[in-house]
Amino acid sequence: MNVLEGKLTGAEDIKIGIVAARFNEFIVSRLIGGALDGLKRHDVPEEQIDLAWVPGAFEIPVIAEKMAASGKYDAVICLGAVIRGATSHYDYVCSEVSKGIASVSLQSKIPVMFGILTTDNIEQAIERAGSKAGNKGYECAVGAIEMVNLMRVMEK
Ligand SMILES: Nc1c(NC[C@H](O)[C@H](O)[C@H](O)CO)[nH]c(=O)[nH]c1=O
Ligand SMILES: CC(=O)[C@@H](O)COP(=O)(O)O
């Protein structure tokens, strides 16, 4: 059996685009820190990482699509924190952001990582932004490297 896998080494030439939502910046800034930590610890040079801020998670897909279509990046990491409020707005934002990001990844044929926290309260978001439930930004960074290297293996 042949196992195709994306290793976490050989990331020195990987170029990453990050799209981050400014809404709940207190949380998102920690997701960005986790992503940068993950990329740096796997030897992705800082000068090969671009960060684009958008107002909120709903605006992430359109900028993720521009990054992916530019041909400048091997992968795009989408970071945001959607925290439930008093109305159904949360459901619409979460639904459209997840559909949008998935669509960009399939259309552009490069990894577009879903680093959007969708939580019922701020405590759950804090837990997933660098405390007891890990850091979704770090997870997406390492996942991006694995996916880029897996796709390179499959294209040989
Ligand atoms: N409530 C949250 C939002 N809402 C804003 C939308 O994402 C969007 O920017 C607005 O509707 C204008 O188009 N965004 C988040 O990222 N997180 C939230 O909790
Ligand atoms: C996720 C949201 O859009 C939400 O934070 C908005 O809050 P509300 O539903 O109270 O307007």
Side-chain angles (χ1 to χ4, degrees), residues 1-25 27-83 90-119 125 128-130 133-156:
M1 174 179 72
N2 299 309
V3 175
L4 306 177
E5 68 173 327
K7 296 193 181 300
L8 296 181
T9 53
E12 294 82 357
D13 68 340
I14 289 179
K15 299 178 187 64
I16 297 286
I18 299 175
V19 191
R22 212 178 285 283
F23 207 107
N24 291 320
E25 188 272 338
I27 298 291
V28 179
S29 60
R30 284 157 177 77
L31 297 179
I32 294 169
L36 294 177
D37 182 36
L39 294 170
K40 184 177 177 184
R41 289 173 69 178
H42 291 86
D43 303 322
V44 176
E46 199 163 336
E47 59 270 20
Q48 288 169 204
I49 303 167
D50 288 342
L51 169 64
W53 285 101
V54 294
F58 192 84
E59 285 74 39
I60 287 176
V62 68
I63 300 302
E65 195 280 333
K66 279 187 79 67
M67 279 189 162
S70 72
K72 295 179 186 173
Y73 307 102
D74 298 296
V76 174
I77 298 171
C78 301
L79 300 175
V82 187
I83 301 173
Y90 168 89
D91 301 302
Y92 292 99
V93 172
C94 291
S95 172
E96 292 309 311
V97 171
S98 55
K99 283 192 293 183
I101 291 172
S103 172
V104 170
S105 191
L106 290 171
Q107 283 172 5
S108 62
K109 297 180 175 43
I110 68 167
V112 180
M113 308 306 289
F114 185 78
I116 313 297
L117 298 181
T118 54
T119 66
R128 290 153 180 80
N135 187 305
K136 191 64 71 179
Y138 185 94
E139 292 169 22
C140 284
V142 176
I145 294 167
E146 177 176 357
M147 283 296 291
V148 169
N149 284 334
L150 171 61
M151 294 178 85
R152 286 176 173 176
V153 164
M154 297 180 76
E155 285 157 7
K156 283 180 178 171

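For this chain, numbers begin at 1 and follow the sequence in order. Just so it is clear, the model here is predicted, and its values are computed rather than measured.
Across Val112 and Cys78, no two heavy atoms sit closer than the pair CG1-SG, 3.7 Å. Nearest approach of Pro45 to Glu12, heavy atoms of both residues: CD-O, 3.2 Å. Nearest heavy-atom pair, Ala81 versus Ile27, reported as atom, atom and distance to 0.1 Å: CB-CG2, 3.8 Å. Closest of all the heavy-atom pairs between Met154 and Leu4 is CG-CD1, 4.1 Å. Taking each heavy atom of Ile14 and Val44 in turn, the nearest pair found is O-CG1, 3.6 Å. Nearest heavy atom pair, residue Arg22 against residue Trp53, reads NH2-CB, 3.0 Å.
Interatomic distance, Ile77 CD1 to Ile18 CD1, rounded to the nearest 0.5 Å: 5.0 Å. Once rounded to the nearest 0.5 Å, the distance linking OG of Ser103 with CD of Glu65 reads 8.5 Å. Interatomic distance, Lys15 NZ to Ile110 CD1, rounded to the nearest 0.5 Å: 12.0 Å. To the nearest 0.5 Å, the span separating CG on Asp37 from CG on Asn135 amounts to 8.0 Å.
Within the 4.5 Å cutoff, the side chain of Phe23 has no heavy atoms near those of the Ile83 side chain.
Between Asp74 and Arg152 there is a salt bridge, since at least one side-chain N of the basic residue sits less than 4.0 Å from a carboxylate O of the acidic one. Under the 4.0 Å criterion applied to side-chain N and carboxylate O atoms, Glu139 and Lys136 are assigned as salt-bridge partners.
Annotation for Tyr138: atom OH counts as buried by contact number, over 12 foreign heavy atoms lying within 6.0 Å.
The closest donor-acceptor contact from the side chain of Asn149 to the backbone of Thr9 lies under 3.5 Å. Using modelled atom types, one side-chain atom of Ser29 and one backbone atom of Glu25 make a donor-acceptor pair closer than 3.5 Å. At least one donor-acceptor pair closer than 3.5 Å links the side chain of Ser98 to the backbone N or O of Cys94.
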After noting the C-alpha distance and the side-chain angles of Val76 and Ile101, does the key distance pass the side chain to side chain contact (heavy atoms under 4.5 Å, CB included) rule?
CA-CA 10 Å; Val76 174; Ile101 291 172; over 6 Å; no
Stepwise, does the side chain to side chain contact (heavy atoms under 4.5 Å, CB included) test hold for Leu8 with Glu146?
CA-CA 6 Å; Leu8 296 181; Glu146 177 176 357; 3.9 Å; yes
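Listed by chain and residue number, Val19, Ala21, Glu59, Ile60, Ile63 satisfy the side chain to side chain contact (heavy atoms under 4.5 Å, CB included) test with Val54 (two or more places apart in sequence, or in another chain).
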